[in-house]
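Both counts, for ligands and for their atoms, begin at 1 and track the order of listing. All figures in this text were calculated on a predicted structure; none of them were measured in a lab.
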Amino acid sequence: MLPEDSLHATLADIAARIALEAGDLIRGLRESGVDVAATKSSLTDVVTAADRAAELLVTERLREARPHDGVLGEEGAQVVGTSGITWVVDPIDGTVNYLYGLPAYAVSIAATVEESAANENEASSKSGLMADGRRAVAGAVYLPVTGEMFSTYLGGGARLNGEQVKASDEVDLSVALVGTGFGYTTERRTEQAEVVRRLIPRVRDIRRMGSAAIDLCMVAAGRLDGYYERGLQPWDYAAAVLVAREAGATVLAREDDQLPGEAMIIAGPPQLARALQSELKEAYRELSNAAG
Ligand code: LIP
């Protein structure tokens, strides 16, 4: 049995190797043309044949490398494992960008363990436990267009093409560059527009890149000071939240007694993440009061 940190480092290497192969596949498919294969939660929530092909490849490679692990993929991959490790896979995060030929898309692969928070202390944002009951222990996010590989494992730091990265040290929200994203349904987007309307005068600027995995890796690399988004799925964030945390970012929910996840993910250097959390709490309080 490998010591835990050696196992996690091995899992990170597996994630990076497979993300690279899947990234090369989808970049090649992109060059030969991409069409919508199906829609999901709305007409704008699309899946392409490349999403499906990449997820099949990743699942096959994971089964070869780690036959006793589970797999959970955005496009339907569901393998029950016996090892305690479940791989959470987004074959193309930033699918709409990919469909339109915009460069901001990534392959995200995370090795996770399932944990229930035995007590509130464990359910702190420091534990890395997410609202979906999983904690990433290793992962990789690969950007095929720029050739940037973000890789990480618990306690091993976060690396970009092998070089350690560190989150921003910005503490002042009014000069912070903040990333966010918007959902696929009209109702959710209306709510998110109200939140960003309130926030935009209070920050340097907003960036909407269209991939949560890339947004969180940009926080890890200090290219965004902060990030927040509501409505993400485990495959959107599993690997990149660990990249951000290992780069020194704090990852929060909107309320301190909640775990980050679908309801809200906030990431940034500790003091800035708290300031962003405070603004978002107030924005949603105002929305709730206005709704009566
Ligand atoms: C996307 C996220 C992005 C969000 C989009 C979409 P997908 O994931 O990465 O942050 O704003 O609405 O959910 O659908 O490209 O895998």
Side-chain angles (χ1 to χ4, degrees), residues 19 22-23 26-27 29-30 34-55 58 72-77 87-110 130-132 136 139-145 148 150 178-193 195-196 199 206-220 223-224 226-244 251 260-268 276 280:
I26 62 176
R27 194 181 51 205
L29 291 173
R30 173 61 251 179
V34 173
D35 292 314
V36 174
T39 58
K40 297 185 282 190
S41 63
S42 74
L43 277 178
T44 57
D45 184 2
V46 297
V47 59
T48 70
D51 288 274
R52 291 174 170 166
E55 185 162 296
V58 170
L72 172 66
E74 176 175 16
E75 307 315 340
W87 295 89
V88 179
V89 177
D90 193 338
I92 304 177
D93 191 56
T95 299
V96 173
N97 288 343
Y98 181 78
L99 179 67
Y100 278 75
L102 293 170
Y105 60 88
V107 179
S108 176
I109 300 174
M130 303 296 285
D132 60 284
V141 177
Y142 178 57
L143 289 66
V145 173
E148 292 177 307
F150 289 86
V178 176
T180 192
F182 308 114
Y184 287 118
T185 65
T186 306
E187 184 188 10
R188 176 58 59 81
R189 295 171 71 80
T190 303
E191 167 207 293
Q192 290 170 321
V195 172
V196 76
L199 190 64
I206 292 286
R207 289 291 182 271
R208 196 287 194 253
M209 289 188 271
S211 162
I214 293 179
D215 288 323
L216 285 159
C217 288
M218 294 302 105
V219 170
R223 299 179 192 168
L224 284 176
Y227 168 72
Y228 75 94
E229 188 160 353
R230 169 170 160 72
L232 296 178
Q233 298 303 313
W235 38 77
D236 296 322
Y237 62 70
V241 158
L242 184 60
V243 173
V251 179
E262 194 277 338
M264 182 61 75
I265 287 182
I266 302 165
L276 194 47
L280 291 165

Would you tabulate the polar-atom pairs, meaning N/O of ligand 1 against N/O of the protein, with distances under 3.5 Å, reported to 0.1 Å?
{"unit_1": "ligand 1", "atom_1": "8 (O)", "unit_2": "D93", "atom_2": "OD1", "d": "3.1"}
{"unit_1": "ligand 1", "atom_1": "8 (O)", "unit_2": "D236", "atom_2": "OD1", "d": "3.3"}
{"unit_1": "ligand 1", "atom_1": "9 (O)", "unit_2": "D93", "atom_2": "OD1", "d": "2.8"}
{"unit_1": "ligand 1", "atom_1": "9 (O)", "unit_2": "D93", "atom_2": "OD2", "d": "2.9"}
{"unit_1": "ligand 1", "atom_1": "9 (O)", "unit_2": "A212", "atom_2": "N", "d": "2.7"}
{"unit_1": "ligand 1", "atom_1": "10 (O)", "unit_2": "A212", "atom_2": "N", "d": "3.0"}
{"unit_1": "ligand 1", "atom_1": "10 (O)", "unit_2": "E229", "atom_2": "OE1", "d": "2.9"}
{"unit_1": "ligand 1", "atom_1": "10 (O)", "unit_2": "E229", "atom_2": "OE2", "d": "3.4"}
{"unit_1": "ligand 1", "atom_1": "11 (O)", "unit_2": "F182", "atom_2": "N", "d": "3.4"}
{"unit_1": "ligand 1", "atom_1": "11 (O)", "unit_2": "F182", "atom_2": "O", "d": "3.4"}
{"unit_1": "ligand 1", "atom_1": "11 (O)", "unit_2": "R208", "atom_2": "NH1", "d": "2.9"}
{"unit_1": "ligand 1", "atom_1": "11 (O)", "unit_2": "R208", "atom_2": "NH2", "d": "3.0"}
{"unit_1": "ligand 1", "atom_1": "11 (O)", "unit_2": "E229", "atom_2": "OE2", "d": "2.6"}
{"unit_1": "ligand 1", "atom_1": "12 (O)", "unit_2": "F182", "atom_2": "O", "d": "2.7"}
{"unit_1": "ligand 1", "atom_1": "14 (O)", "unit_2": "Y184", "atom_2": "OH", "d": "2.8"}
{"unit_1": "ligand 1", "atom_1": "15 (O)", "unit_2": "G94", "atom_2": "N", "d": "2.7"}
{"unit_1": "ligand 1", "atom_1": "15 (O)", "unit_2": "T95", "atom_2": "N", "d": "2.8"}
{"unit_1": "ligand 1", "atom_1": "16 (O)", "unit_2": "E74", "atom_2": "OE1", "d": "3.2"}
{"unit_1": "ligand 1", "atom_1": "16 (O)", "unit_2": "E74", "atom_2": "OE2", "d": "3.4"}
{"unit_1": "ligand 1", "atom_1": "16 (O)", "unit_2": "D90", "atom_2": "OD2", "d": "3.2"}
{"unit_1": "ligand 1", "atom_1": "16 (O)", "unit_2": "D93", "atom_2": "OD1", "d": "3.2"}

Would you call L199 and I206 a side-chain contact if the rule is heavy atoms closer than 4.5 Å?
yes

Steps toward side-chain contact (heavy atoms from CB on, under 4.5 Å) verdict (T95, Y105):
CA-CA 7 Å; T95 299; Y105 60 88; over 6 Å; no

For R230, side chain to side chain contact (heavy atoms under 4.5 Å, CB included) partners two or more places apart
R188, E191, Q192, A263, M264, Y284

Kindly write out the residues that satisfy salt bridge (charged side-chain N to carboxylate O under 4.0 Å, His left out) with R207, not counting sequence neighbours, or none if the list is empty.
D205

With D132 via side chain to side chain contact (heavy atoms under 4.5 Å, CB included) - residues at least two apart:
M130, R134, P234, Y237

Using modelled atom types and a 3.5 Å cut-off, is there a donor and acceptor pairing between side-chain atoms of D236 and backbone atoms of Q233?
yes

